[in-house]
Colleague: 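I am attaching a structure below and will ask some questions about it afterwards.
The structure presented is a predicted model; accordingly, all values stated were derived computationally and were not measured. Letters go in sequence order (proteins before strands), and every chain restarts at 1.
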Amino acid sequence: MTESSAVQFDRVSVRYGQVTALRDFSLDVATGETVALLGPSGSGKSTALKALAGFVRPTSGRVLLAGQDVTGVPPHKRGLGVVVQQYALFPHLTVADNIGFGLRARRMRRTESARRVEEMLELVGMERYGRRYPRELSGGQQQRVAIARALAIRPPVLLLDEPLSALDAQLRADMLDELRQLRDELPDIAILYVTHDQTEALTLAHRIAVMREAELLDLDTAQGLYRQPPSEFTAAFLGGANLLPATVRDANGTVEVGAVTLTAMAPGPLVPGAHVRLAVRPHTIGVRRDGPGLAAVLTGLQWRGANYRLTCLIAGLDEPGGISVHADVPSIDGLPRVGSPVRVRLPEHGAAVVARAGAGSTAGDAGESFPQNLAGVA
Amino acid sequence: MTTAALAVVGPARATRVSPLLWALPPLVVLAGFLIYPLVLVGVQSVTNEDGVTTLETWRSVLGAGEFHRAIGNTVLIAGAATAGCIVLGTFFAVVLALVPFPGSGAAARAVDTLLAFPSFLIALSFTFLYGAAGVFQLGDFLYSRWCVILAEITFYTPFVMRPALAALTHLPAERLAVAASLGARPGQVLRRVVLPEIAPAVAAGGALTLLLTLNEFGIVLFIGAKDVITLPMLVHSKGVVTFDYPSACVVAVVEVALSALLYLLYRRIFSRKGARGADLVP
Amino acid sequence: MLIWSRSARWPIWALFAAAFLVIVAAPLAVLVAAALATEWNDVLPGGFTVAHLGAALTGENQGSLLVSLQTAAVAGLAAVAVGTWAALALAAAPRWLRKGADGLLHLPVAIPSVVVGLGLLVAYSRPPLLLNGTRWIVLIAHLVLVLSFSYATVASALTRIDDSYAQVAASLGARPALVLLRIRLPMLLPAMSAAAALAVALSMGEVGATIMVYPPDWRTLPVTVFTLTDRGRTFDAAAATLILLGATLVTLLILGRVSRGRATTGVSP
């Protein structure tokens, strides 16, 4: 495993005084692979990146690059490409000098570094901007320069810390496309991408590491995490799944939610009679005025252009106040009015049994311990 | 988090001792040219001409009427000048920021440039304005405390006006408009909205002004009023006019003690104001 | 907008104008007029002459002007160097040291300049270091007095510069020395030139400490101005002060031009 790993975190912890910013973090990133560190702010994802770059020193654990322990190595000897949130383009240097900074720091000959800078400008489509200064560029252009500057030193690993967070929504979507193209053009590089935005993670990453409260919670391919979320937190954070209490009928995935029986995907054999949580994506839920389904009351209705987001309160289900679920339904005529009784229809297939309550989004289970490994998840 | 991160980078970059070593040279400069001299001033104040340690100088200096008058003058002048600066500086800031007129920007800059001028300039021009042969021909006014106070108000008003003006630029215009639309008259808006907002800044500016006026020397020296002796003037006359170093040192120690007390107070107010100011900035 | 009706603004403006005239405009105008006056025994000067200005630019006065300029240049440069060093070193220092040293570096603001001068006199009139009677003691006094301001200016600029610039530079392979030279110092340059301007302005007008320590061969212009007023030559004193202000403003303009020059090279054609 170490042989092919470009990056390896080995039980890394970082503490600032009393505060633990990263706890027991282990992760391998292979050459050519993009891994997204996804989590809310304060989840430790940026700290992990800083520990890898050498900006903070782990309190314990090791950081390895291509199998070499670099835990105590200063940042300037690590040779990584780093792009930070606000880009930190050097304001007193031109675009070309910014991109060439790492090359000059390595004492590369002027002609050669000029050639490399041209190459990089071309790579990010900024050929005509070499003599400009950072403040004369738009946000998107600054971002491209920051990436070109990081790539100019031909790093084996590229670290991107929320690179799109400073951009507005439209530009972010465009840049996301560009980043994806760039990723495909750089097959020999390992990319660690820190973000709090699930769309960015789903679009760019081969694998997603979901972070929460200074710890790695779940790690899997984007599709795997989405279809079969291993924890309630990931189910809700990635794709905003509804979590419903269910009772297992048989080992093959037949479960009951209230009076409704359905077949759900499960990470492994289930124990009949057990109480589990079911992750149900909003777009798979149907809402009708009547017919089969769970009895509920429509409590909210939002028009979102392509569809409506309905909020329904399902009574019963062993929850004192009932359970609120979101459903995304196409814009059809004859929607029920807010306050009226409705029927919530769960999908026959497609719902997933969540293996762990896993430091979930519901209060009260934070104290329970769950296995940190991912055994049992298909 | 950023500052905490910085603290962690240190040891990663080099050994733990090196930040201390780097901080040493400037501190050596300060120790040699400020701390060491100040300590010697203290030592000299309890040492007589023959090198014997004694409190005799302290006794004679503190007992002299001239010292009592100097302390009285210093405190009175500093207090009155500071009060004047607070009133005038606040007034200037409020007019410039909230009742602007064509050219108010230039007026603000003109007041600002006063900061770059030496204080004795004011005293010098006062001799032409208020001297016996000057513009206003006010007789002995030039040599009174009131003239010194007026000169110090003139010079130190920008020290209050600047922070007050800065605080006012942070005050959203909407808040005044909303207060007015709710029926508050300008006087009420000023009292209930504007003044509370700039009070910390004015307090900090006022504390600094008090400190600087207590220490002011150039204005008193240049006006040259024989009856208006302040503590810094006493240090000067005992030190380099009569060359009585021990007595000069006694006065200096008193002066430093007074200033240090105020300085600690000022740093406390200022750092608290800074913390609150940081919260106000989005 | 505090006062909404235009008619109500007039009295306030009138009050402001009166205060402004007395407090700010009159002293400056009077000083300029006095520098150019032949005599002044009435409300207005008797006549105008450039003789005083001429006198202020020749002989002893010219010497004093040069002394002041040199003192300001040396003390200002030294203060910016020491202040910048202190700001950079303390930013990386442990918290206890940073707080303590920061208080110490601000101390000269709180101490009367006369006492700083007296302290230097007492300390350097005796072994191991005899500096009393030399120009060095004047330079040291000025350095101590302006150091606080240059340190404070650079230190506050440093806190506004994000750590990520230095971090990114390091990640690109730059050793700490190179990061300092190519990234941190250039980014601090505007603050350093502002600090230099402040130091020069303060040093040019310094009188309290200088009058305590100056040797006969190193008399700054403010001290000369005082000697002139003391002898009753107030018109010459006003003229010398005007020259002092002029020299200060020219130095500040040059410093401003230098820092802005650096900044505007940033705009490509």
Side-chain angles (χ1 to χ4, degrees), chain B residues 2 5-6 10 13 19-20 22-23 25-27 29-30 33-34 36-38 40-41 44 88 95 98-99 101 107 110-111 114 116-118 120-122 124-125 127-129 133 135 154 157 176 180 186 189-190 211 215 217-218 221-222 232 235-236 239-240 245 248 252 255-256 259-260 263, chain C residues 1-4 9 12-13 16 19-20 23-24 26-27 30-31 34 40-41 43 82 85-86 89-90 92-94 97 101 103-105 107-108 110-116 118-123 140 143-144 163 176 201 205 207-208 211-212 222 225-226 229 234 237-238 241 245 248 252:
Chain B
T2 326
L6 190 82
R13 207 167 38 203
L20 298 181
W22 279 107
L27 293 180
V29 170
L30 213 59
F33 295 152
L34 184 69
Y36 168 64
L38 285 181
L40 283 193
V41 165
Q44 180 87 71
L88 206 61
V95 172
L98 303 179
V99 199
F101 50 88
V111 180
L114 277 184
F117 292 164
F120 67 78
L121 176 149
I122 305 297
L124 195 59
S125 73
T127 58
F128 296 103
L129 274 173
V135 179
T154 302
T157 291
L176 300 183
V189 176
L190 184 70
L211 193 63
N215 296 343
F217 173 70
L221 177 78
F222 271 71
V235 173
H236 172 244
V240 298
Y245 279 7
E255 208 16 322
V256 169
S259 303
Y263 173 59
Chain C
M1 197 60 56
L2 181 64
I3 313 275
W4 297 86
R9 283 183 218 155
I12 291 177
W13 285 339
F16 180 87
F20 186 83
I23 300 288
V24 183
V30 163
L31 191 83
W40 198 330
N41 296 317
V43 174
V82 177
W85 185 312
L90 290 179
L97 181 66
L104 215 57
L105 278 158
L107 195 60
I111 294 190
S113 53
V114 190
V115 173
V116 170
L118 178 73
L120 290 173
L121 266 190
V122 171
I140 289 169
L143 166 63
V144 170
D163 293 340
V207 64
I211 211 163
M212 298 291 288
V225 171
F226 173 66
T229 25
T234 43
T241 308
L245 289 188
T248 310
L252 296 191

Colleague: Which atoms of Ala107(B) are under 4.5 Å from chain C, going by heavy atoms: the side chain, the backbone, both sets, or neither?
Modeller: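 Interface part for Ala107(B): both.
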Colleague: Return the option, out of Thr229(C), Leu118(C), Val82(C), with the maximum number of heavy-atom pairs under 4.5 Å with chain B.
Modeller: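 Of the options given, most contacts go to Leu118(C).
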Colleague: Which distance, rounded to the nearest 0.5 Å, do you find between the CG of Leu143(C) and the CG of Leu30(B)?
Modeller: 9.0 Å
Colleague: Among Leu88(B), Val256(B), Leu124(B), Val41(B), who wins on heavy-atom pairs under 4.5 Å with chain C?
Modeller: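 Maximum pair count with chain C is reached by Leu124(B).
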Colleague: Using a cut-off of under 4.5 Å for heavy-atom pairs, which of Leu105(C), Leu90(C), Ile12(C) has the most such pairs with chain B?
Modeller: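 So the answer, after comparing Leu105(C), Leu90(C), Ile12(C), is Leu105(C).
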Colleague: Of the listed residues (Gly205(C), Ala26(C), Ala101(C)), which shares the most heavy-atom pairs with chain B below a 4.5 Å separation?
Modeller: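 Top option by heavy-atom pairs under 4.5 Å: Gly205(C).
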Colleague: Taking everything shown except Trp85(C) itself, do over 12 heavy atoms lie less than 6.0 Å from its CH2?
Modeller: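 No, not enclosed.
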Colleague: Measure Phe33(B) against the heavy atoms of chain C and call it side chain, backbone, both or neither at under 4.5 Å.
Modeller: both
Colleague: State the CG-CZ distance between Leu121(B) and Phe222(B), to the nearest 0.5 angstrom.
Modeller: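 CZ of Phe222(B) is found 9.5 Å from CG of Leu121(B).
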Colleague: Side chain, backbone, both or neither: which part of Thr234(C) has an atom under 4.5 Å from a heavy atom of chain B?
Modeller: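 Both backbone and side chain.
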Colleague: Can you tell me if Trp13(C) uses its side chain to pair, donor with acceptor, with the backbone of Val99(B) under 3.5 Å?
Modeller: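 Confirmed, Trp13(C) side chain pairs with Val99(B) backbone.
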Colleague: Examine whether an atom of Phe101(B) lies under 4.5 Å from a heavy atom of chain C, and if so say whether it belongs to the side chain, the backbone or both; otherwise answer neither.
Modeller: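 Both parts, backbone and side chain.
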Colleague: With a 4.5 Å cut-off on side-chain heavy atoms, are Leu221(B) and Phe120(B) touching?
Modeller: no
Colleague: Do you know which of Val116(C), Ile211(C), Thr248(C) has the most heavy-atom pairs with chain B at a distance under 4.5 angstrom?
Modeller: Ile211(C)
Colleague: First locate atom CD1 of Ile111(C), then atom CG of Leu211(B), and finally report the distance between them rounded to the nearest 0.5 Å.
Modeller: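 If we round to the nearest 0.5 Å, Ile111(C):CD1 and Leu211(B):CG are 10.0 Å apart.
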Colleague: Side chain, backbone, both or neither: which part of Leu104(C) has an atom under 4.5 Å from a heavy atom of chain B?
Modeller: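 Leu104(C) touches chain B through backbone and side-chain heavy atoms alike.
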Colleague: Tell me which of these, Ala93(C), Gly119(C), Pro108(C), has more heavy-atom pairs under 4.5 Å with chain B than the rest.
Modeller: Gly119(C)
Colleague: Heavy-atom pairs under 4.5 Å with chain B: which of Val114(C), Val225(C), Leu121(C) has the most?
Modeller: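 Winner by heavy-atom pair count: Val114(C).
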Colleague: For Leu120(C), is it the side chain, the backbone, both or neither that has a heavy atom under 4.5 Å from a heavy atom of chain B?
Modeller: both
Colleague: Going from CG on Leu34(B) to CG on Leu38(B), what distance comes out if it is rounded to the nearest 0.5 angstrom?
Modeller: 4.5 Å
Colleague: Where does Val29(B) contact chain C at under 4.5 Å (heavy atoms): side chain, backbone, both or neither?
Modeller: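 Looking at Val29(B), just its side chain touches chain C.
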Colleague: A side-chain contact here means heavy atoms from C-beta on lying under 4.5 Å apart; do Ser259(B) and Asn215(B) qualify?
Modeller: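 When only atoms from C-beta onward are counted, Asn215(B) and Ser259(B) do touch, with a gap below 4.5 Å.
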Colleague: Identify which part of Leu190(B) has an atom lying under 4.5 Å from any heavy atom of chain C, answering side chain, backbone, both or neither.
Modeller: both
Colleague: Taking all atoms of both residues into account, what is the closest heavy-atom pair of Ala23(B) and Leu97(C), and its distance?
Modeller: CB-CD2, 3.8 Å
Colleague: Kindly indicate whether the side chain of Pro118(B), heavy atoms from C-beta on, has any atom under 4.5 Å from the side chain of Val207(C).
Modeller: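 They are not in side-chain contact.
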Colleague: For Pro94(C), which atoms come within 4.5 Å of any heavy atom of chain B: side chain, backbone, both, or neither?
Modeller: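 Interface part for Pro94(C): side chain.
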